[in-house]
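Please find one structure pasted underneath; my questions will follow.
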Protein chains: 2
Amino acid sequence: MPNEPNNKTEPSSEQDGTFLHTCMYFTTNRLSRAITRLADEAFAMTGLAPAYGYLVRLVIANPGITQKELSEKLYITPSTLTRFIDKLEGKQLVERQVQGKTVLVYPTVKGTAMKETLHEASKKLKAAYEAKLGKELADALTRMQESASELLEQ
Amino acid sequence: MPNEPNNKTEPSSEQDGTFLHTCMYFTTNRLSRAITRLADEAFAMTGLAPAYGYLVRLVIANPGITQKELSEKLYITPSTLTRFIDKLEGKQLVERQVQGKTVLVYPTVKGTAMKETLHEASKKLKAAYEAKLGKELADALTRMQESASELLEQ
DNA sequence: GTATTTTGTTTGTACATACAAAACAATAAC
DNA sequence: GTTATTGTTTTGTATGTACAAACAAAATAC
C-alpha cells in the first residue's frame, strides 16, 4: 500500500499542518489578518479603521447614497452597515436623512474635510503592501481575489 | 488640465467605488467573507466552525502539542487560541495538561473520533470552492496568498 | 542563590461581522 | 380603504479576533 506513510521520521501533512497551506479558507483568512494589520497602521493617521475610511470616501463621492447601495458596494450586510453609520454619525462625519423607508447618508462638513487625508492613507496602504510584495504580485493577487469573490458570491 | 474629470455623465472611480476593487485590503476581506460562508456550510455537518475543525485536526495529529505551537501553525494570537481551547475543552473534544508554564493539548476519545468527519468536511470545502472557481484558479490563488502572507508577516 | 528578564498563558475589553427576527414604510390587491 | 406583501433598516444576540495587561514559570545574570 504505497499510500501509507511508513517513514516515522518525516512528518505527515497532518502533523506539520501542511494541509492548512493548501486550503484557500485558511490562506485567505491568514492573509486577511496580515493585511488588516498593515491597513490599521496606514489609517492610524485618520483616526478611523480602514473600513470606515472607505465608507466615508464613498459617502463623500455620493452624497445622499442609500444604506442599501453602500452595503452592496462594500459587500457587507445591512446590519453591519447600520452599526458603521451609527459610529460615523457619533463622530459627526456623516448624517442620516430618513426618506420613507430608505435612509440617505450625507457627509458632514467635518466628514468632507477628511477627503484628502483618507486618500493619502489609502495611498500609504498601497505603498506599504507593494513595498513588501512588489507591484506585480500585489496586482495579480488583487485581480484574482476580485474574480474569485465574484464567482463565490454566486 | 487633463486630470480633471469634466464629463459628468460617466462616474468617477470615487463614485462607483472602483478604487475599492484595486485595493488588496478590500478584496482580501471581501473574499474572506465569501469563503467563510462556504466553509461554514461545509463544516456544518461537524458541529464545529471551520477554524475549530482545523485546530482539532492538528491536535489529533500531534497529541501533547503546546498552545504556542498551535498558535504559530494557525497564525492566530495566543489569546485567541486560549479561547478556542476553552471552547473545545467545554465540548470535551480536547483537554489541557499544564506542564510548568506551558500547556499541552491532547485530544479526547470523543475528539479523536471526529478525525474522519473533519477530513471529509475539509474535502467537501475544497470541492465546493473548486467547483465555483476551477482547480487552476483555486490553486494559483491559494499559493499566491501563501507567498503574500509570508512576505507581509515579516 | 536571589534578582531580573524572558516566555507562555489567561483575562479584560473592544470591535467587526453575521444571522434571524422585529420594526417600519411603501406599495399592491382586493 | 383595509389588508397583504415587499423592501429597508434596526435590534438582539453570538462569534472570531486582537491588544494590552496581568500572571506564572523558567532562564539568565550577577
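A, B, ... follow the sequence lines: proteins, then strands. Residue 1 opens every chain. Values reported hereafter were calculated over all heavy atoms of this structure, with side chains retained and with hydrogens, waters and symmetry mates removed. Since the model is a prediction, treat every value here as computed from it, not as a measurement.
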Whole angstrom is fine here: how far is it from CG in Leu38(A) over to P in dA18(D)?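 Nearest whole value for this atom pair: 15 Å.
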
Write out a two-atom table: protein N or O, nucleotide N or O from nucleotides 21-28 of chain C, distance below 3.5 Å.
from	atom 1	to	atom 2	distance (Å)
dA25(C)	O3'	Lys101(A)	N	3.4

What about Val103(A) and Ile85(A), same hydrophobic cluster or not, with Ile/Leu/Val/Met/Phe/Trp/Tyr joined at side-chain heavy-atom distances under 4.5 Å?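 Cluster IDs for Val103(A) and Ile85(A) differ.
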
Could you tell me whether the side chain of Glu72(A) reaches within less than 4.5 Å of the side chain of Lys68(A), counting heavy atoms only?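 Of all side-chain heavy-atom pairs linking Glu72(A) with Lys68(A), at least one is under 4.5 Å.
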
Any side-chain N or O of Arg96(A) below 4.0 angstrom from OP1/OP2 of dT10(D)?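 Result: yes.
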
Taking everything shown except Lys115(B) itself, do over 12 heavy atoms lie less than 6.0 Å from its NZ?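 No, not enclosed.
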
Can you confirm whether or not the ring centre of Phe84(B) sits under 6.0 Å from the ring centre of Tyr54(B)?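 Aromatic pair excluded; centres sit 6.0 Å or further apart.
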
Donor on one side chain, acceptor on other, Gln99(B) and Thr102(B), under 3.5 Å: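 No pair is found: no donor N or O on one side chain lies under 3.5 Å from an acceptor on the other.
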
Tell me which of Arg33(A) and Thr102(A) sits closer to the 5' end of DNA chain D, going by the nucleotide each one is nearest to.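 The residue mapped nearer the 5' terminus is Thr102(A).
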
Mind checking who shares a hydrophobic cluster with Leu104(B), ILVMFWY linked at side-chain heavy-atom distances under 4.5 Å?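 ILVMFWY cluster around Leu104(B) also holds Tyr106(B).
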
Using atom CG of Asn29(A) as one end and atom P of dT15(D) as the other, report the distance to the nearest whole Å.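 Checked: the CG to P distance equals 18 Å.
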
In whole angstroms, how far is the P atom of dA20(C) from the CG atom of Asp40(B)?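 That distance rounds to 11 Å.
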
Atom pairs under 3.5 Å: protein N/O with N/O of nucleotides 1-3 of chain C:
none

Specify the separation, in whole Å, of atom CG of Leu74(B) and atom C1' of dA18(D).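 One finds 15 Å between C1' of dA18(D) and CG of Leu74(B), rounded.
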
Between P on dT10(D) and CD on Glu89(A), what's the gap in Å once rounded to a whole number?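 About 9 Å, once rounded to whole Å.
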
Check the pair Phe26(A), Phe19(A) against side chain to side chain contact (heavy atoms under 4.5 Å, CB included), reporting the backbone distance first and the verdict last. CA-CA 10 Å; Phe26(A) 180 77; Phe19(A) 69 95; over 6 Å; no

Can you pull out the residues from residues 50-70 of chain B that lie within a 4.0 Å heavy-atom distance of DNA chain C?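 Residues of residues 50-70 of chain B under 4.0 Å from DNA chain C: Gln67(B), Lys68(B).
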
Quick check on contacts: within residues 76-83 of chain B, what sits under 4.0 Å from DNA chain C by heavy-atom distance?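 Contacting residues: Pro78(B), Ser79(B), Thr82(B), Arg83(B).
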
The test is side chain to side chain contact (heavy atoms under 4.5 Å, CB included); show your working for Leu137(A) and Leu151(B) and say whether it passes. CA-CA 11 Å; Leu137(A) 175 56; Leu151(B) 291 168; 4.0 Å; yes

With respect to Glu153(B), which candidate in Arg33(A), Arg37(A), Arg30(A) satisfies the side-chain hydrogen bond (donor to acceptor under 3.5 Å, both in side chains) definition?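 So the option named by the test is Arg30(A).
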
Given atom CZ of Phe43(B) and atom P of dT15(D), what is their separation to the nearest angstrom?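 That distance rounds to 18 Å.
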
Take atom CD of Gln92(A) as the centre, draw a 6.0 Å sphere, and report whether it contains more than 12 heavy atoms from other residues, nucleotides or ligands.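 Count not over threshold, so no.
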
Between C1' on dT17(D) and CZ on Arg30(A), what's the gap in Å once rounded to a whole number?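 Going from Arg30(A) (CZ) to dT17(D) (C1'), I get 17 Å.
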
Would a distance-only check, ignoring hydrogens and angles, find a side-chain to backbone donor-acceptor pair under 3.5 Å from Gln154(B) to Glu150(B)?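 Yes; judged by distance alone, with no hydrogens or angles, the pair exists.
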
Side-chain cluster (under 4.5 Å, hydrophobic types only) that Val109(A) belongs to, other residues: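 ILVMFWY cluster around Val109(A) holds nothing else.
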
Donor-acceptor under 3.5 Å (Gln67(A) side chain, Leu81(A) main chain):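 Between the backbone of Leu81(A) and the side chain of Gln67(A) there is no qualifying donor-acceptor contact (under 3.5 Å).
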
Carboxylate-amine/guanidinium proximity below 4.0 Å for Asp139(A) and Lys126(A):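 A salt bridge is absent here (no side-chain N lies under 4.0 Å from a carboxylate O).
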
Output the rounded distance in Å from CZ (Phe84(B)) to P (dT15(D)).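 Going from Phe84(B) (CZ) to dT15(D) (P), I get 12 Å.
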
